[in-house]
Amino acid sequence: MEARHKSMKAFGNELAAPEVQLEIINRKNGFPAFDSKYKDTGEDKLRAGKIEILQINLGKMCNQVCKHCHVDAGPDRKEIMSRETMEQCLTALKNSDIETVDLTGGAPEMNPDFKWFVTEIKKLDKHIIVRSNLTILVTNGFEDYPEFLAENQVEIVSSLPYYKASFTDRQRGSGVFEKSIKAMKILNGLGYGKEDSGLIFNLVYNPVGAFLPPGQECLEKDYKRELAKNFGIVFNNLYTITNMPISRYLEYLIASGNYEEYMEKLVNAFNPEAAKNVMCKYTLSVGWNGYLYDCDFNQMLELKVKTENSRHIKDFNQQILEGREIITGQHCFGCTAGAGSSCGGELT
Amino acid sequence: METYYDPKDLKKFSEIGEGAPELWKKFNDWYSEVFKEGALSEREKALIALAVAHAVQCPYCIDAYTQACLEKGADLEQMTEAVHVASAIRGGASLVHGVQMKNVNKKLTM
């Protein structure tokens, strides 16, 4: 596939529409339905437990256009969370015992109220995670962001699909690896990824193609050795994440003739132990417009939570949301394959 | 077009066990143990397997171990180097037999 410069939506690609994606994904093609397979866990239905993480999508705008992006993010996407919605998030956080706020995008830093929002969340004494694509931290106008994140003790989680330029640039765009290295050196300089600094810097691996991720522990050793040897870079943990068959990755799977086999791989690798720990059990996802979702993937598929009385952050009700039935589909096999996959890596 | 090798046949590999289930079980147990991380990582073992697959020219093994290498964290550069190792050994194995040719030549010629 050629390098991307715009989102699927900007190209008018019909796959940009969630209903088109759902129609494709939920064709069973002889595979068991996720709901029936989930029963292998010994639980009848997938239900949310206690909400530990509020994952907030600050917008779909991004300086990168990665080939596998499940958000279909890019510079042309204008959907951005407003300060009013951020204030509603803050109210929800004040009225809950949720301990962690996970900020994502797009590039969350591109939201003009990003710094204000981080500062306000910090006042609530919550742990903050920012999913940064790294290159934004070395982009004109954002050079002071690494220092700002360090001052606020924000944990940084960044995608780096490989410890070499080849795979990284093929997935994330030409020159991304070099810029990422530059950003990682700046973060290390501030203490990120270094023992006892208290500044956590984690990396994310996701496969550059139609295959499942390697074991997290084993690959982390390779990443640590190679990044230290070649660039003097250190980090805390590596999370391996499975690509979800939605949005741009779905487009890639279909265009490359890998869709059926990939789905077969996911279904055959269903692991009940991973399914017991899926992140929707303890994470609530907030869309850029304030609507609530069981996970970031359901958000992109526009599958709002089932709880009719608490479907928007302004109506946040922890009691109603905890214990809710999760909306599932065949894409859920992406989180339950092999060792499992979540925003925090493996599940087993 | 019919060919001797069909990619779909790879999924039938376990049917070999129907003729000799005990032997298949022993093979399977040993095979699984061989590829576990030990003194060598799973990635290194997958790369060795890929190289051997090329040396024995098994299309099933090449298919399976290209996927396995990717799923163990190898990239095209590492896989290509592994194939070169196999090729070098195959090429070297032919060339080193030239010593036999030289021995015979020496014996037979003035």
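Note on naming: letters A, B, ... go to the chains in the order of the sequence lines (proteins, then strands), and numbering restarts at 1 for each one.
Heavy atoms closer than 4.5 Å to chain B are found nowhere in A:Glu217, neither backbone nor side chain. Looking at A:Leu212, both its backbone and its side chain come within 4.5 Å of chain B, counting heavy atoms on both sides. Proximity to chain B is limited to the side chain of A:Tyr163, based on heavy atoms less than 4.5 angstrom apart. A:Pro213 touches chain B through its backbone: at least one of N, CA, C or O sits under 4.5 Å from a heavy atom, while the side chain does not. Contact of A:Phe167 with chain B is made through the side chain alone, with heavy-atom distances under 4.5 Å.
Under a cut-off of 6.0 angstrom, the local environment of NZ in A:Lys224 is crowded, with over 12 non-hydrogen atoms contributed by other residues, nucleotides or ligands. At most 12 non-hydrogen atoms from other residues, nucleotides or ligands lie less than 6.0 angstrom from CD of A:Glu178. Atom CD of B:Glu15 has more than 12 neighbouring heavy atoms from other residues, nucleotides or ligands inside a 6.0 Å radius. Within a 6.0 Å sphere centred on NZ of B:Lys26, heavy atoms belonging to other residues, nucleotides or ligands number 12 at most. Heavy-atom contacts from other residues, nucleotides or ligands closer than 6.0 Å to CD1 of B:Ile89 number 12 or fewer.
Summarising the geometry, atom CD belonging to B:Glu42 is positioned 11.5 Å from atom CG belonging to A:Leu219; distances are rounded to the nearest 0.5 Å.
Residues B:Leu76 and A:Ser166 fail the side-chain proximity criterion, which asks for heavy atoms closer than 4.5 Å. Counting only heavy atoms from C-beta outward, the side chains of B:Gln67 and A:Phe211 never approach each other to under 4.5 Å.
Residue A:Cys218 forms a side-chain contact (heavy atoms from CB on, under 4.5 Å) with just one option from B:Glu37, B:Arg43, B:Lys72, and that option is B:Glu37.
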